[in-house]
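Reviewing the structure listed below.
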Amino acid sequence: MQSHSTASKDLPAIDLPAMLATLGSYDRFFGPRHIQMLSLAVRIAEVLRDFGEAQTARSLLERVVRDLNQSSSRTHATRISALQALQALRAVLIEQSQLPKAIAVQKKLSECWLLVAGPDAPETIAARTELGTLLMSSPETIGVS
């Protein structure tokens with residue numbers, strides 16, 4: 001197997017195959033919706049994105065978001081994992097020029113921050129600001145009064 005060189009991106013040495021093996025173990029041991037499994041999946045998606053595997057990262061993040069939405073647990077840790085997954089997914093969608101999908105994810109991200117931190121929290125305000133920025137750069141909203 002060819003190893004990925006991370007020197008050009010100034011990334012730390014990452015053993016992606018080991019991370020993927022651990023993800024498989026977590027999936028079998030804990031189940032597909034366990035917070036440990038989902039958190040590791042988000043981290044792996046971020047690494048995949050850094051390695052130029054944006055589509056694979058996107059697929060993994062979409063699965064994480066779906067599984068978090070289907071999770072019956074609404075703990076703080078689950079919500080924080082959802083925020084991490086949504087932020088990573090939004091970044092991938094923007095890279096892939098999927099602005100309408102990125103806007104939808106940003107709306108969800110804003111809603112999550114509102115639930116987690118409240119309406120006046122800096123994170124909530126930043127999420128709303130980012131949503132406004134995305135909306136202003138969307139071709140669908142340009143020229144609409």
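Hydrophobic clustering keeps I35 apart from Y26 (ILVMFWY residues linked when any side-chain heavy atoms are closer than 4.5 Å, directly or through intermediates).
The residues R58 and E62 are annotated as salt-bridged, a charged nitrogen and a carboxylate oxygen being separated by less than 4.0 angstrom.
Residue T22 holds its OG1 atom at 12.5 Å from CG of D27, rounded to the nearest 0.5 Å. Rounded to the nearest 0.5 Å, atoms CG (L93) and CD1 (I103) are 10.5 Å apart. To the nearest 0.5 Å, atom CG of residue L135 and atom CZ of residue R128 are 13.5 Å apart. L20 contributes atom CG, which lies 5.0 Å from atom CD1 of I44 (distance to the nearest 0.5 angstrom).
When side chains are defined from C-beta on, V42 does not count as touching L38, because their heavy atoms never get closer than 4.5 Å. Within the 4.5 Å cutoff, the side chain of K101 has no heavy atoms near those of the R90 side chain.
The main-chain N or O of L134 is never found under 3.5 Å from a side-chain atom of S138 such that the two would form a donor-acceptor pair. With Q84 contributing its side chain and S39 its backbone, the two residues share no donor-acceptor pair below 3.5 Å. No side-chain donor-acceptor contact under 3.5 Å links T124 to the backbone of P119. Counting only distance, with no hydrogens or angles, the side chain of R63 and the backbone of S59 share no donor-acceptor pair below 3.5 Å.
Relative ring orientation between H34 and F30 is described as parallel, the plane-to-plane angle staying below 30° on a 0-90° scale split at 30° and 60°.
The two residues A82 and L68 make their nearest non-hydrogen contact at CA-CD1, 3.3 Å. Contact between V105 and L86 at its shortest, heavy atoms only, is CG1-O, 3.3 Å.
Remark: R66 engages no residue in a salt bridge (charged side-chain N to carboxylate O under 4.0 Å, His left out) (not counting sequence neighbours). Not counting sequence neighbours, the partners of E46 by the salt bridge (charged side-chain N to carboxylate O under 4.0 Å, His left out) test are R43.
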